[in-house]
Amino acid sequence: MEHLSTEYTGFPADIIPLQYQALLLTDERRMRAFADAIARSVRPGMRVLDLGAGTGVLSYFAARAGAVVTAIEREPRVYAAARAALRAATGDAVRILHADARDYLPDEPVDLVMCEMLHVGLLRERQIEVLAAFKRRYLHHVGGPLPRFLPEACVQAVQPVEQDFTYMGYTVPAPVFQLPESVQPRTVEAAPPQVFQQFFYSEPLPSRCAADLTFVAERPAVVNAVRLVTKNLLTLLYEPAGSVDWTMNYLVVPVSEPVEVLTGDEVRVRFEYSPGDEIPALTDVLRVSVPAHAH
């Protein structure tokens, strides 16, 4: 295989160093959700492709379920660590290739494609770009039907909030991540979240992430931020009907011009950005307003 340079251009999230890849292994919610979804989706003998394999843990889950797995990873140190770990854990059940997921194409049809290049809000990482390009290449060179994808679908929501950005008397309005299962004493929820985007990966993928939503305030608040919620439906279940889900850490993003609302006021939230954009692409266009008739 042609040697891949260790110098990359593009967004910082194009390169996820080994120490951050390893940190994902300690996220028990993520690990349990993917392990469960893969166990329910993979059958012995299935051909599985893991695009952007990282440390290879999803490939390990698939191989454990009896799949024949090809894993793709381009960052050299991550690739080396994954190759060693997969060999120790699975023998030759996983073939790992030092290649770029953005242009890799399998030689033969596959049954399932796993891709976890995910960031809340579909920001920073290249999930949409990689899978959209893969689908075009696959249909052109291999033909239909498309394989199944994991995750299978995505639901995104947004919520106006009042966020305390002051720390020991020092105020820094900067984006904040929150654990979904944790109580957030710094956050006042001005209104419940609303969905602004949902799609299946098997269908045409979005070129924009956009919202123009009106909320009704449930309590007085100074809306100085919005909270993004991204739920990944990892696999759909049919008997009984349902899904294995993974809700990513929330992202609280400050607004440039906070607005004060009273109970019953309408709050308008607007933004638009491209999947894979950096977080400032959202903060620069994020607008929160109260219609003139509200008071």
Side-chain angles (χ1 to χ4, degrees), residues 27 29-30 33 118-125 127-128 153-199 206 208-233 243 245-295:
D27 186 338
R29 289 188 309 109
R30 172 183 178 273
L118 289 163
H119 187 283
V120 63
L122 296 177
L123 292 157
R124 304 202 71 229
E125 296 197 54
Q127 181 86 354
I128 298 298
C154 177
V155 178
Q156 301 219 85
V158 64
Q159 178 181 30
V161 299
E162 178 178 335
Q163 182 71 21
D164 181 1
F165 291 111
T166 299
Y167 311 92
M168 298 187 69
Y170 189 64
T171 301
V172 184
V176 177
F177 291 99
Q178 298 177 334
L179 295 174
E181 70 273 19
S182 299
V183 176
Q184 301 297 333
R186 289 180 169 271
T187 305
V188 175
E189 301 180 19
Q194 291 189 41
V195 171
F196 68 87
Q197 184 177 62
Q198 51 189 329
F199 60 88
R208 305 292 287 171
C209 299
D212 188 348
L213 298 172
T214 299
F215 300 78
V216 177
E218 292 188 343
R219 57 187 55 82
V222 176
V223 178
N224 63 349
V226 301
R227 179 155 65 186
L228 289 182
V229 180
T230 300
K231 181 169 75 171
N232 301 288
L233 282 67
S243 59
D245 301 336
W246 171 43
T247 299
M248 307 182 77
N249 290 348
Y250 300 150
L251 175 61
V252 178
V253 179
V255 301
S256 57
E257 297 182 9
V259 296
E260 184 175 357
V261 299
L262 301 175
T263 303
D265 282 352
E266 292 183 350
V267 186
R268 186 182 182 190
V269 174
R270 293 173 292 158
F271 57 80
E272 184 175 2
Y273 59 90
S274 297
D277 276 349
E278 292 293 312
I279 294 175
L282 166 59
T283 57
D284 289 349
V285 301
L286 176 60
R287 299 292 182 268
V288 175
S289 59
V290 177
H293 65 270
H295 294 289

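Both backbone and side-chain heavy atoms feed into the values below; hydrogens, waters and symmetry mates do not.
- With respect to Q197, the side-chain contact (heavy atoms from CB on, under 4.5 Å) criterion is satisfied by exactly one of P275, C209, C154: C209.
- Remark: E181 pairs with R29 by the salt bridge (Lys or Arg N to Asp or Glu O under 4.0 Å) rule, at least two apart or across chains.
- When all heavy atoms are compared, the tightest approach of L213 to V195 is CD1-O, 4.1 Å.
- Taking every heavy atom of both residues into account, T230 and G121 meet most closely at OG1-N, 2.8 Å.
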Inset, instruction - Check the pair T214 / E266 against side chain to side chain donor-acceptor pair (under 3.5 Å), numbers first and verdict last. - result: CA-CA 6 Å; T214 299; E266 292 183 350; 5.3 Å; no
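- The minimum heavy-atom distance between P180 and T247, with the atom names listed, is CG-O, 3.9 Å.
- A search for side-chain contact (heavy atoms from CB on, under 4.5 Å) contacts involving S256 returns R287, not counting sequence neighbours.
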Inset, instruction - Please report the C-alpha distance between Q178 and T187 in whole Å, then the side-chain angles of each, then the deciding distance to 0.1 Å, and finally whether the side chain to side chain donor-acceptor pair (under 3.5 Å) criterion is met. - result: CA-CA 10 Å; Q178 298 177 334; T187 305; 2.8 Å; yes
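- The side chain to side chain donor-acceptor pair (under 3.5 Å) test with E189 is passed by exactly one of Q184, Q159, R219: Q159.
- Residue V253 comes nearest to L251 through the heavy atom pair CG2-CG, 3.7 Å, listed as atom of the first residue, atom of the second, then distance.
- V223 approaches P160 most closely through the heavy-atom pair CG1-CB, 3.8 Å.
- Summarising the geometry, atom CD belonging to E278 is positioned 8.0 Å from atom CG belonging to L123; distances are rounded to the nearest 0.5 Å.
- Residue pairs meeting the ring-ring contact (aromatic ring centres under 6.0 Å, His included) criterion with at least one member in residues 155-194, sequence neighbours excluded, are H119-F177.
- Residues F271 and V255 form no side-chain contact, since every pair of their non-hydrogen atoms from C-beta on lies 4.5 Å or further apart.
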